[in-house]
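The basis for the numbers below is simple: all heavy atoms, side chains too, and nothing from hydrogens, waters or symmetry mates. Just so it is clear: chains get the letters A, B, ... in the order the sequence lines come, proteins before strands, and each one is counted from 1. For clarity, every value in this text was computed on a predicted model and none was experimentally measured.
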Amino acid sequence: MNSNKSDSIWDLYISVLVELMSEIADMPTETIKSTLETPPDFKLGDVASTIAFNLAKTLKKNPKVIAEELTASFNEMTSQNPMFDRVEAKGPYINVFFNRSRLASDVIGLVLKKRSEYGKSRVFAGKRALVEFPAVNPSKPWHIGHTRNAVIGDTLCNILEAVGYDVLRIDYINDLGLQIAQLTWKLMKDDIDPNGKKYDHFLGHLYVDVQEKFETDPEVEREIREVSRRLEDLKSEESSVSREMVTNCVKAQCQTAYRLGIYHNVQVWESTIAHSGLLDKVKKILLSCDSIVKLEGGEKAGCIVAKLDSLEEFKDMKDPYKVLFRSDGTRTYTGADVAFQMWKFGIVDDPFLYEVFENQPNGKPVYRTSLKGKKKDWGKFNAVFNIIGSAQAHPQKLIYTILYLLGYHKESENSHHVAYEFVGLEDESFSGRKGTWVGYSCDDVLDRARELARKEVEMRNPDESDEFKDAVAESVGIGAVRYRLLNASPDRKITFRWHEVLDFNGDAGPYLQYSIARAKRILEKYDGGISPENVDLSVLTSDAEYELLKAIARFPNEVLEIVIGLKKEAWGTSFSSNRLTTYCYRLATLFSKLYETIPILKADEPMRKARVHLVEAFRQTMENGLRLLGVPIIERM
RNA sequence: GGGCCCGUGGCCUAGUCUGGAUAGGGCACCAGCCUCCUAAGCUGGCAUUCCGCGGUUCGAAUCCGCGCGGGCCCGCCA
C-alpha cells in the first residue's frame, strides 16, 4: 500500500499488527484496520482494537470473553516479534503495546536519515496541481480576511508538494473591475501623490471617497462608467494610467505576501484575458454544447445561457438559465470564470504571452500574462484548486457543472473549491467600500504583532543587536498571525479580536517557535555530535520520551492524511489546515513536558546522548512541520 | 420557496467524514515551580455533559428525522 511510499514508522508498526491480528481473528485486514483506535489514555496501550464487539454478534459470545481469548493467542505470536511488548485485554478492548526501545531506534534513525525530507512522501508523485489564491482586487491592501485566503492557499500548496505534487501557484489580477475604473477616474481628475504611503494603502483610502461620490453623484457615475468602457482599449490614456496604478498596487501587495513568505509562479491579468481571444474560443466551444444556447426571445433574449433546469441541484434557482455572455456580447463573471477554468485545465490553447512581473525574494521570478513577451508552457494539471470564500460555493459549483455539461467530466471532478469562512469583526464584516478594513489590513496586524513581540524580545535579550531583535520580533508576529489563521478550521468564521491574535502564549505560533529555540540551545551546547549509528537509543523508554517518539513517528501520516482528506463536499473541498497546526501544537507540548521534567544535558551517559538525539529528531520534525505551515523558524528568541 | 455552513465549560476551540473505554486543548481565574538545558514554559485546581426533542445501536458530541438560534447563498450586479 501507500505505507511504504510514505516511509512512516507508525504505518510499519500498524501494518505488522494488522497482519497478525487478521491471522489470529481470521478476518480481512481491512476489517481489522477499521477497528483500530487510539486508547483514551496512553497508559492503556499504544493502539486498541474493538474487534471483540464485531465478533460478539456473530459468535453470540460476550465481547469481554472474546477479547481475552484473542489476547491470549496474540501474546503467543507477538512474544517472538521484537516490535511488540505485550497485548492486554481490558474489558472488551484489546490493547497493544509496542516495544518502546525498538520504536525509539526506528523513529530517530529514520528522522536523522531523512532530515528535511522527513514527513515528505512520493504518494502523489507525477501529479500536478494548479492552485489559485488570493485574487485580491488591485485597489486596496490585503485585509486580514484576504490574509486567511493567502495563508490557506500557500499552506495547501506546501502540503501538496510534500506528498509529491508538482504545484503551480497562480494569482488572478482583476485590473478591469469597476473599482479600477473608479480609481483611474480619480487619479486622472486630481493628480494625487501617495506621499510616501504604501501604494495599496493609498489606493484603499482613496477608494472610500470615490465610492461615496460614485453612489451619490450621477454625473460622477456616468464619467466612471465611461472610464470603465475606455479601459477596454489598451491604447487609451485611461489604460496607461490604470496600468501604472495597478502595477504599483500589485507590487505593494506583493510586499505583504513576501513578508508572509508567500510567492507565486504566475499572475493572470484580466485585461490580458479580455484581449487574448480566449473568450471567443470558449464561446465557440460553449455553443457546441446542447445545454448552452443563445436565447432568441424572452427577458434574456440575445444572451448565451447555460440551461441548468434539468439538473436536480439547480432546479430551485430563481432562474435556471445562467447567463454567461450578455445580450451585448460581453461576458459575465460566471462566463469569465468558466473560460478561466478551461484555461487552467488546458482545454483551450494558452493564448497568453508572458513576461517577468518582478523577481521575488525567494530568488524566483513571478510571471504575468501579457500581450508582449514569450510563450510559456505550464503543462497539464490533474487538479485545480481555487481558494475562495464559502459565500461563493454556489457560483463555483456552477462553473464545475458547466464543465461537466461540456463533456469535460474529469476536469469537472478535479475542480476544487477550497472554501473558507470570512474573517470579521464582532458585528461587522470588512468592506473595501466602507473602509472598515482600515486598521485591520494585513500590514497593520503584522506591524502590531511585531511591535508587541519586540517588547518581549527586548526583555529577554537586552544585550542583543537591534537587528536581531527586529528580526525575531517580525518572525514571532508572522508566526502568530499565520498560525492563528490556519488553526481555525476553514469552515468556521473567525471573529477578529486583537487580544487573541496578540496572545503569544499557549496554543499559538510563538509557542511552537519557542519549542524549537529551546531544543536548538540544547543541541548547541552538546559537545558529542549527532550520529545515529553510534548511539544506543533503546534506553529511551520513559513515558515522556515515548509519547514524544510516537508523535514524531506519526508525522508522515498526518501530512498524507490531510491530502487524502481533500474531499469534495456539497459546499466545496474540505481542507483541514487545522489538523497540521493541532499536530504541531501537540508535538511542541510533548517536547515542553519532556524538557521540564527530565534532565537532558545533565543526564548521565548513555542516557544523555540518547536524549540529545531525541531532541534533534524533535527539532527536525518540528521544523519540517513549521515549514509546511509557513511559520518562521527562530533559532533563538 | 430552495440550498450550504456553524451551534461543545465565562470566552475561543479539537473531536463529527470512518459511532466505542472518564469529551481533548487554549484564554481567563486560583495555587505552586527559575542556585539546574531560555518561565513565550511546567505542575495542580475551578468549570461542560456536547442547542432542544425523538429515533437507530450493545454503545451517540459523532449516524437519521423534526425543530430552535446565528451566518451565507440562489442577478445580463460586481
**Q** Could you check which of G75(B), C74(B), A78(B) has an atom nearest any side-chain atom of Lys322(A)?
**A**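 Of the options given, the side chain of Lys322(A) lies nearest G75(B).
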**Q** With both distances kept under 3.5 Å, what pairs with C72(B), Watson-Crick or G-U wobble?
**A**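 Its partner is G3(B).
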**Q** For residues 308-339 of chain A, which residue pairs qualify under ring pair (Phe, Tyr, Trp, His ring centres under 6.0 Å), counting only residues two or more places apart or in two chains?
**A**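 Found Phe314(A)-His394(A).
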**Q** Which nucleotide, if any, forms a Watson-Crick or G-U wobble pair with A60(B), using both distances under 3.5 Å?
**A**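 The answer is none; no pair meets the criterion.
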**Q** Contact class for Ser574(A) (heavy atom, under 4.0 Å): base, sugar-phosphate, or nothing?
**A**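 Contact class for Ser574(A): none.
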**Q** List the steps and the verdict of side chain to side chain contact (heavy atoms under 4.5 Å, CB included) for Thr495(A) and Arg497(A).
**A** CA-CA 6 Å; Thr495(A) 302; Arg497(A) 296 186 185 93; 3.8 Å; yes
**Q** Map Arg331(A) and Pro395(A) onto RNA chain B by nearest heavy atom, then report which one ends up closer to the 5' terminus.
**A**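 The residue mapped nearer the 5' terminus is Pro395(A).
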**Q** Roughly, in whole Å, what's the span from CG in Leu398(A) to P in G2(B)?
**A**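 Nearest whole value for this atom pair: 20 Å.
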**Q** Would you please confirm or rule out a distance under 4.0 Å between OP1 or OP2 of C72(B) and any side-chain N or O of Lys493(A)?
**A**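 So the side-chain polar atoms of Lys493(A) never come under 4.0 Å of the phosphate oxygens OP1 or OP2 of C72(B).
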**Q** Can you tell me how far P in C66(B) sits from the matching atom in C5(B), rounded to whole Å?
**A**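 Per the computed distance, 15 Å lies between those P atoms.
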**Q** Contact class for Ala488(A) vs. all strands (heavy atom < 4.0 Å): base, sugar-phosphate, or nothing?
**A**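 Result for Ala488(A) = nothing.
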**Q** Between A78(B), C12(B), G41(B), which one does the side chain of Arg225(A) approach most closely?
**A**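 The listed nucleotide nearest to Arg225(A)'s side chain is A78(B).
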**Q** Regarding Glu428(A) and Lys434(A), does a basic nitrogen lie under 4.0 Å from an acidic carboxylate oxygen?
**A**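 Salt bridge flag = no for Lys434(A) with Glu428(A).
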**Q** How close or far is atom C1' of U16(B) from atom CD of Glu569(A), stated in whole angstroms?
**A**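 So the two atoms are 12 Å apart, to the nearest Å.
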**Q** Students often get this wrong, so: under 4.0 angstrom with heavy atoms, is Lys300(A) touching a base, only sugar-phosphate, or nothing?
**A**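 Since a base atom lies under 4.0 Å of Lys300(A), the category is base.
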**Q** At less than 3.5 Å, do the side-chain atoms of Ser390(A) and the base atoms of C72(B) form a donor-acceptor pair?
**A**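 Not at all, since no donor on one side and acceptor on the other fall under 3.5 Å apart.
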**Q** Using a 4.0 Å heavy-atom cut-off, does Gln392(A) contact any base of the nucleic acid, only the sugar-phosphate backbone, or nothing at all?
**A**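 The answer is nothing, as Gln392(A) stays clear of every strand by at least 4.0 Å.
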**Q** Whether Glu623(A) and Arg619(A) form a salt bridge (side-chain N of Lys/Arg under 4.0 Å from carboxylate O of Asp/Glu) is what I want to check.
**A**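 Here Arg619(A) pairs with Glu623(A) in a salt bridge, since their nearest N and O are under 4.0 Å apart.
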**Q** Mind checking Tyr333(A) for me? I need base, sugar-phosphate or nothing, with any heavy atom below 4.0 Å counting as a touch.
**A**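 Since a base atom lies under 4.0 Å of Tyr333(A), the category is base.
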**Q** Could you check whether Val305(A) gets within reach of a base, just the sugar-phosphate, or nothing at all, counting any heavy atom under 4.0 Å?
**A**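 Result for Val305(A) = nothing.
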**Q** Need one value for Pro39(A): base, sugar-phosphate or nothing, where a base atom within 4.0 Å counts as base even if backbone is also close, heavy atoms only.
**A**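 Contact class for Pro39(A): base.
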**Q** Side chain of Val323(A): nearest nucleotide among A21(B), C76(B), C5(B)?
**A**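 For the Val323(A) side chain, the nearest candidate turns out to be C76(B).
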**Q** Given that both distances must come in under 3.5 Å, which nucleotide forms a Watson-Crick or G-U wobble pair with C36(B)?
**A**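 The answer is none; no pair meets the criterion.
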**Q** Quick one: which of Leu279(A), Leu324(A), Val323(A) gives a side-chain contact (heavy atoms from CB on, under 4.5 Å) with Arg331(A)?
**A**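 Running side-chain contact (heavy atoms from CB on, under 4.5 Å) over Leu279(A), Leu324(A), Val323(A) with Arg331(A) returns exactly one hit, Leu279(A).
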**Q** Using whole Å, what does the distance between atom P of nucleotide C72(B) and atom OH of Tyr420(A) come to?
**A**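 Taking atom P of C72(B) as the reference, OH of Tyr420(A) is at 15 Å.
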**Q** Taking the side chain of Ser592(A) as heavy atoms from C-beta outward, which of C76(B), C42(B), A21(B) is closest to it?
**A**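 Nearest to the side-chain atoms of Ser592(A), counting from C-beta on, is C42(B).
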**Q** Report, as a single string ordered 5' to 3', how protein heavy atoms within less than 4.0 Å touch nucleotides 27-39 of chain B: B base, S sugar-phosphate only, - not at all.
**A** S--------SBBS
**Q** Please classify the nucleic acid contact of Val457(A) as base, sugar-phosphate, or nothing, using heavy-atom distances under 4.0 Å.
**A**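 Counting heavy atoms under 4.0 Å across all strands, the contact made by Val457(A) includes a base.
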**Q** Searching all strands shown, indicate the nucleotide that pairs with G19(B) (Watson-Crick or G-U wobble; both distances under 3.5 Å).
**A**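 Its partner: none found.
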**Q** Check every strand shown and say whether Tyr585(A) touches a base, only sugar-phosphate, or nothing at a heavy-atom separation below 4.0 Å.
**A**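 Sugar-phosphate contact only - Tyr585(A) comes under 4.0 Å of backbone atoms but never of a base.
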**Q** Side chain of Cys303(A): nearest nucleotide among A14(B), C76(B), C17(B)?
**A**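 Between A14(B), C76(B), C17(B), the one nearest the side chain of Cys303(A) would be C76(B).
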**Q** So what does Glu299(A) touch, heavy atoms closer than 4.0 Å: a base, only the sugar-phosphate, or nothing?
**A**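 It contacts base atoms.
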**Q** The side chain of Arg492(A) lies closest to which of these nucleotides: A14(B), C58(B), A78(B)?
**A**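 Nearest to the side-chain atoms of Arg492(A), counting from C-beta on, is A14(B).
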**Q** Round to the nearest Å and state the distance from Lys567(A) atom NZ to C17(B) atom P.
**A**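 Nearest whole value for this atom pair: 10 Å.
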**Q** For a quick test of reading the model: is some side-chain N or O of Asn487(A) closer than 4.0 Å to OP1 or OP2 of A14(B)?
**A**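 So the side-chain polar atoms of Asn487(A) never come under 4.0 Å of the phosphate oxygens OP1 or OP2 of A14(B).
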**Q** Which whole-number value in Å describes the distance from Arg579(A) CZ to G24(B) C1'?
**A**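 In whole Å, G24(B) C1' and Arg579(A) CZ are 15 Å from each other.
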**Q** Could you give me the CA-CA distance, side-chain angles and deciding distance for Glu421(A) and Ser390(A), then say whether side-chain hydrogen bond (donor to acceptor under 3.5 Å, both in side chains) is met?
**A** CA-CA 6 Å; Glu421(A) 280 290 345; Ser390(A) 26; 3.3 Å; yes
**Q** For Ala48(A) and Arg433(A), take the nucleotide of RNA chain B holding the closest heavy atom to each; which residue's nucleotide lies nearer the 5' end?
**A**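 Result: Ala48(A).
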**Q** For atom C1', what is the distance between U62(B) and U49(B), given to the nearest Å?
**A**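 Per the computed distance, 14 Å lies between those C1' atoms.
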**Q** Does any nucleotide pair with A31(B) by Watson-Crick or G-U wobble geometry, both distances under 3.5 Å, and what is it?
**A**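 Matched A31(B) with U43(B) under the 3.5 Å cut-off.
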**Q** Can you tell me, in whole Å, how much space there is between the C1' of G15(B) and that of G54(B)?
**A**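 The same atom, C1', in both gives a distance of 25 Å.
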**Q** Verify the distance criterion only: is there a donor paired with an acceptor across the side chains of Tyr420(A) and Asp491(A) at less than 3.5 Å?
**A**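 On atom types as modelled, these side chains do not qualify, holding no pair under 3.5 Å.
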**Q** Can you tell me which residue among Glu545(A), Glu616(A), Glu605(A) is in a salt bridge (charged side-chain N to carboxylate O under 4.0 Å, His left out) with Arg611(A)?
**A**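 Of all the options given, the one that passes is Glu545(A).
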**Q** Rounded to the Å, how far apart are Ile399(A) CD1 and G75(B) P?
**A**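 That distance rounds to 14 Å.
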**Q** Expressed in angstrom and rounded to an integer, what is the separation of Arg586(A) atom CZ from G24(B) atom C1'?
**A**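 Taking atom C1' of G24(B) as the reference, CZ of Arg586(A) is at 10 Å.
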**Q** Mind calculating the distance between CZ (Phe53(A)) and P (U18(B)) to the nearest angstrom?
**A**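 The answer, rounded to whole Å, is 20 Å.
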**Q** Got a salt bridge between Glu547(A) and Lys550(A), using NZ or NE/NH1/NH2 to carboxylate O under 4.0 Å?
**A**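 Yes, this pair counts.
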**Q** Go through the steps to decide whether Phe555(A) and Tyr583(A) satisfy the test ring-ring contact (aromatic ring centres under 6.0 Å, His included), and finish with yes or no.
**A** CA-CA 8 Å; Phe555(A) 181 56; Tyr583(A) 169 81; 5.6 Å; yes
**Q** Using the rule salt bridge (charged side-chain N to carboxylate O under 4.0 Å, His left out), only one of Glu451(A), Glu456(A), Glu458(A) pairs with Lys469(A); which is it?
**A**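 Output: one option passes, namely Glu458(A).
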**Q** Does Asn95(A) get its side chain close enough to the base of A21(B), under 3.5 Å, for a donor-acceptor pair?
**A**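 Yes.
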